[in-house]
Novice: 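So that we are looking at the same thing, I have put the structure below in structure tokens.
These numbers come from the heavy atoms of this one structure, side chains and all, not from hydrogens, waters or symmetry mates. Nothing here was measured: the structure is a model prediction, and the numbers come from that model. Counting starts at 1 for both ligands and their atoms, in listed order.
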Amino acid sequence: MLYQLLSYGVLCLLLSNLTSAVQVNYNSSFTPDHLAYLRNETKSLFNHAWQSYMQHGFPADEVTPISCQPYGPDFNDINNAVRNDALGNVSSTILDNLDTLIIMEQWEELEYVLSYLKSQQATFFEQDTVVQVFELTIRSLGGLLSAHLLLTDVTNLPARYSKFNQICQEYDGFLLSMAYDLGLRLIPSYKTTTNIPVPRINLARGLRRVPPALQRDACTSGATTPVLEFTLLSRLTGDLQFEYYTQLTFWKLWSSKSNLHLLPMSIDPLANHWKDAITGVGASIDSFYEYTVKAAVLFNDDYMWSVFKTSYQALLTHSAQGGGPNDGSMIFSNVNTEDGSVFGDWIDSLGAFWPGLQVLAGQLTDAIKTHAVYLKIWNYFDSIPERWVYYHNEEVQKEVKSEDSVALEWYPLRPEFIESTYYLYRATRDPMYLQIGERVMILLRDRYKTLCGFSGLQDVRTGERQDRMETFVMGETLKYLYLLFDTKDEVFLHDTKVMGNKNWIFSTEAHPLWLNRKIDLFNISKGSVAYRDENVSSKAFSAKFASQITKSNNELAHFPKSPFLKNMTVARRADIPIPGNINDNILKRDPHGSRFDMCELNPWTKSPRGFLESGYYTWDRFFNGDYLFRRSLMKPKYIVDKGSFDGSNVELTLAFYDKFTMGEKKGEYHLQCPVPANTICYEVMWGDIKQCNQIEISEMHYNPKGENFPYMVPGDLWMPEIKGLKILIEELEEGKVDSRNTVITKEFIASLQSNDTVESDTILRINRVNGVYLKSNSVIWTLPFPITKQDEGLIGVNSDLRVVIQGRVVENLMVWYG
Ligand SMILES: *[C@@H]1O[C@H](CO)[C@@H](O)[C@H](O)[C@H]1NC(C)=O
Ligand SMILES: *[C@@H]1O[C@H](CO)[C@@H](O)[C@H](O)[C@H]1NC(C)=O
Ligand SMILES: *[C@@H]1O[C@H](CO)[C@@H](O)[C@H](O)[C@H]1NC(C)=O
Ligand SMILES: *[C@@H]1O[C@H](CO)[C@@H](O)[C@H](O)[C@H]1NC(C)=O
Ligand SMILES: *[C@@H]1O[C@H](CO)[C@@H](O)[C@H](O)[C@H]1NC(C)=O
Ligand SMILES: *[C@@H]1O[C@H](CO)[C@@H](O)[C@H](O)[C@H]1NC(C)=O
Ligand SMILES: *[C@@H]1O[C@H](CO)[C@@H](O)[C@H](O)[C@H]1NC(C)=O
């Protein structure tokens, strides 16, 4: 009805005129007025996109934002997977945005599309289109399940939701029937002889109508992610097959992880093997990790949580760059799953979701540092290129332009950066994240808005546009932005009286999902054991999956060769008494353990002045990223234009700085980074890296003998065997500045030399071992180790009990003669 009466052309023009006419300048105040303005602006942007779709796109999947045409699958070319994967001729924009309409309180629109879907439900998914199972699961199935839950299981709503209550009263559950119908059409993709799903299916005709060439390349995300929506579908419908098949796949893939506890990203489901040995946290694997955490919350599933913990530790060991106590940024690079070596020097735009997940998993400091990298990229491009190169070897390439760091050049208005910003705001309540959100909102309004929606960039370097608006622009980018500005928790999702006891999560497509135990038709913990049976992974299966072995680097292979000075002798210093069994003296704990036991609180120090202050400026490493990426991201302009804040970088907006630092107090705010370290750091593999998950690394936790037993103190690490280690080493040379921001002196170096070694002008320090960062002044203790013929002269122990490698004393690795 509604859509026949209104004249949309006029409305669109009116809307764009209105928004560009509104020029309210709140100067970063974030007062209630300002935030109401930001919410209202965001809602207007959503309405602009929605109305454009309803007038020019509906009932196709999408609307093209520049040319104002309906956009759906390529019916002429079944092999055009890039286009067809997410487009099934199923009004995807609607299915992906039912819950967005509810969050934005668009009741008339909601009523209209509900009645439309209800009238079409019998044949809605009867489409002769080949779609990707993953995309349809997260966008359409997830959207339907979320809307069903929102319409059936939300109570205690505030009075202004009366219209919504009425819609709920009239709702008869048909969305769940539609979800079931869609689930039945998708699940055959999982019923393969290998239990690894093929990636695509024809919605009306099943597997047989899919060209075989489209089925050879699946990704880990694609195969494992549906486990969450499908398990929920089983619990809500009582049909167990969705849960069974997707869980089977999930655990089968997990059981074929590498020795380093890493999963590759690319699978041939028909040949039943991994297609490569590369992993990371971005495209093709992102939502695998995401759903281990979210499934753990949603289904109260400890197995899923343990998969996350294991994965996160493995990533800290092999993939994390930076992130130590003295680093201002953190990058999770792609690595080889068999030997842990870094593969490639780029990160994905999709990886910008990772800080949000880190927040959810309680890794707040890591999240802040990972997000900071994407902020620097956003500062430069006002967008994030699909793939960005973070490392430029100065020896190979003297001059680097920012353009050189763009490895894939498009930006389709992806939500991940704003999603993480939302999570970080919820966890820290730091106004800097609102400032970032406002900047994103203004760009959407003033740059990316078009006649019929929003169009992203085909090329971030040239500004060339895309005539495409994916369903996630409304369903995620604008949704997270809107929720970011809901600082007073007025949207029902943030209201603990409404949602407080639900253990709800946002799906990877930003659909709120939860499972009410009362409507859980299976209460199924007993059933869940079946697919975790180790016998599920047959020997043949595991063997094939483990076949991608590359030779691991052994035995100090990464050490730069330097002339060996003198043979080491093993001696014990006379003044240290034999302490006996370590276990009698010291309490140990898993150094990673405490990381996952509780959520980390806001790490930023708050001054007693308290409110109206941004922690950003109290963090002395915040601008290190600018130094780190100076070779490609040549902004900020303040380097050129000294002392002025020109607003070109979000964190350098003068109005924000003035308000949220309450004027600069000497030494309290860090607008300059510490002197950058110029020591050399490198990673070394010690022993067979495949054994890295078998050796013990414990943290000294409590010393019951106190001062009578001073040799080990809390914070020291106990690492009885030296094998299977990945160690981050820093070379300390006289005159250099180390990563703790101290200048290395001659006296310091001399103090570490013992009388039985030839003096070297370099000391080594271990900063990280298998993903565990050492605290300043902490020591790693190990047991005496056999020195093989091969290592003779390379390694030894001096009379101070410090390990010496190639004549260089390791400051913090000591041998324990118990
Ligand atoms: C909300 O935004 C619309 C469209 O930009 C505008 O017409 C309206 O006045 C705004 N309302 C408030 C309260 O700011
Ligand atoms: C914002 O700041 C500028 C300059 O600092 C000032 O001219 C302007 O009046 C301010 N606007 C508001 C709404 O406070
Ligand atoms: C796409 O779906 C619509 C219904 O929404 C239907 O009328 C149309 O025939 C479908 N297009 C094709 C080519 O199947
Ligand atoms: C599931 O278990 C909960 C309590 O654990 C119970 O209240 C609920 O009725 C059960 N649901 C069904 C469908 O049996
Ligand atoms: C695996 O199968 C064997 C033989 O059927 C059985 O003895 C064993 O208990 C099974 N393992 C597990 C973990 O169930
Ligand atoms: C180191 O010791 C080995 C035997 O222990 C000896 O063969 C070798 O010559 C020594 N190297 C040096 C440089 O003294
Ligand atoms: C080195 O010093 C230790 C104790 O400080 C002493 O016992 C030992 O004899 C010294 N060794 C040499 C070679 O001077």
Novice: Which of parallel (below 30°), tilted (30 to 60°) and perpendicular (above 60°) describes W378 and F417?
Specialist: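 Parallel.
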Novice: Just go through Y116, F75, F58 and tell me whose heavy atom is the nearest to atom 5 (O) of ligand 3.
Specialist: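 Considering heavy atoms of Y116, F75, F58, the nearest to atom 5 (O) of ligand 3 sits in Y116.
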Novice: Closest non-hydrogen protein atom to atom 3 (C) of ligand 3, residue and atom name please, with distance?
Specialist: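 It is N89 ND2, 3.7 Å.
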Novice: Please check: side-chain N/O of S146 versus main-chain N/O of H511, any donor-acceptor pairing under 3.5 Å?
Specialist: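 Side chain of S146 to backbone of H511: no pair is present.
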Novice: Which one holds for Q127 and ligand 3: side chain close, backbone close, both close, or neither close, with close meaning a heavy atom under 4.0 Å?
Specialist: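 It is the side chain that gets close, since no backbone atom is under 4.0 Å.
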Novice: Any idea how Y422 and Y480 line up, ring-wise: parallel (<30°), tilted (30 to 60°), or perpendicular (>60°)?
Specialist: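 Y422 vs Y480 ring planes: tilted.
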Novice: Show the atoms of ligand 1 that are less than 4.0 angstrom away from any heavy atom in E41.
Specialist: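 Under 4.0 Å from E41, ligand 1 has these atoms: 5 (O).
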Novice: In terms of ring plane angle, is the pair W504 and F506 parallel, tilted or perpendicular, where the classes change at 30° and 60°?
Specialist: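 Ring orientation of W504 relative to F506: perpendicular.
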Novice: Where the closest heavy atom to atom 6 (C) of ligand 1 is concerned, which of L38, D33, T42, N40 has it?
Specialist: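 The nearest heavy atom belongs to N40.
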Novice: Within ligand 1, which atoms have a heavy atom of S44 less than 4.0 Å away?
Specialist: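 Under 4.0 Å from S44, ligand 1 has these atoms: 2 (O), 3 (C), 4 (C), 5 (O).
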Novice: Atom 9 (O) of ligand 3: protein heavy atom closer than 4.0 Å?
Specialist: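 Within 4.0 Å of atom 9 (O) of ligand 3, no protein heavy atoms are found.
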Novice: Looking at K497, I'd like to know if its NZ atom is crowded, meaning that more than 12 non-hydrogen atoms belonging to other residues, nucleotides or ligands lie closer than 6.0 Å.
Specialist: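 No, the 6.0 Å shell around NZ holds no more than 12 heavy atoms from other groups.
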Novice: Heavy-atom distances under 4.0 Å are what count here, so tell me which part of K43 touches ligand 1: side chain, backbone, both or neither.
Specialist: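 Neither; nothing of K43 gets under 4.0 Å from ligand 1.
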Novice: Check each of R468, Q466, R465 against Q458 using the side chain to side chain donor-acceptor pair (under 3.5 Å) test, and report the only one that passes.
Specialist: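 Of the listed options, the one satisfying the test is Q466.
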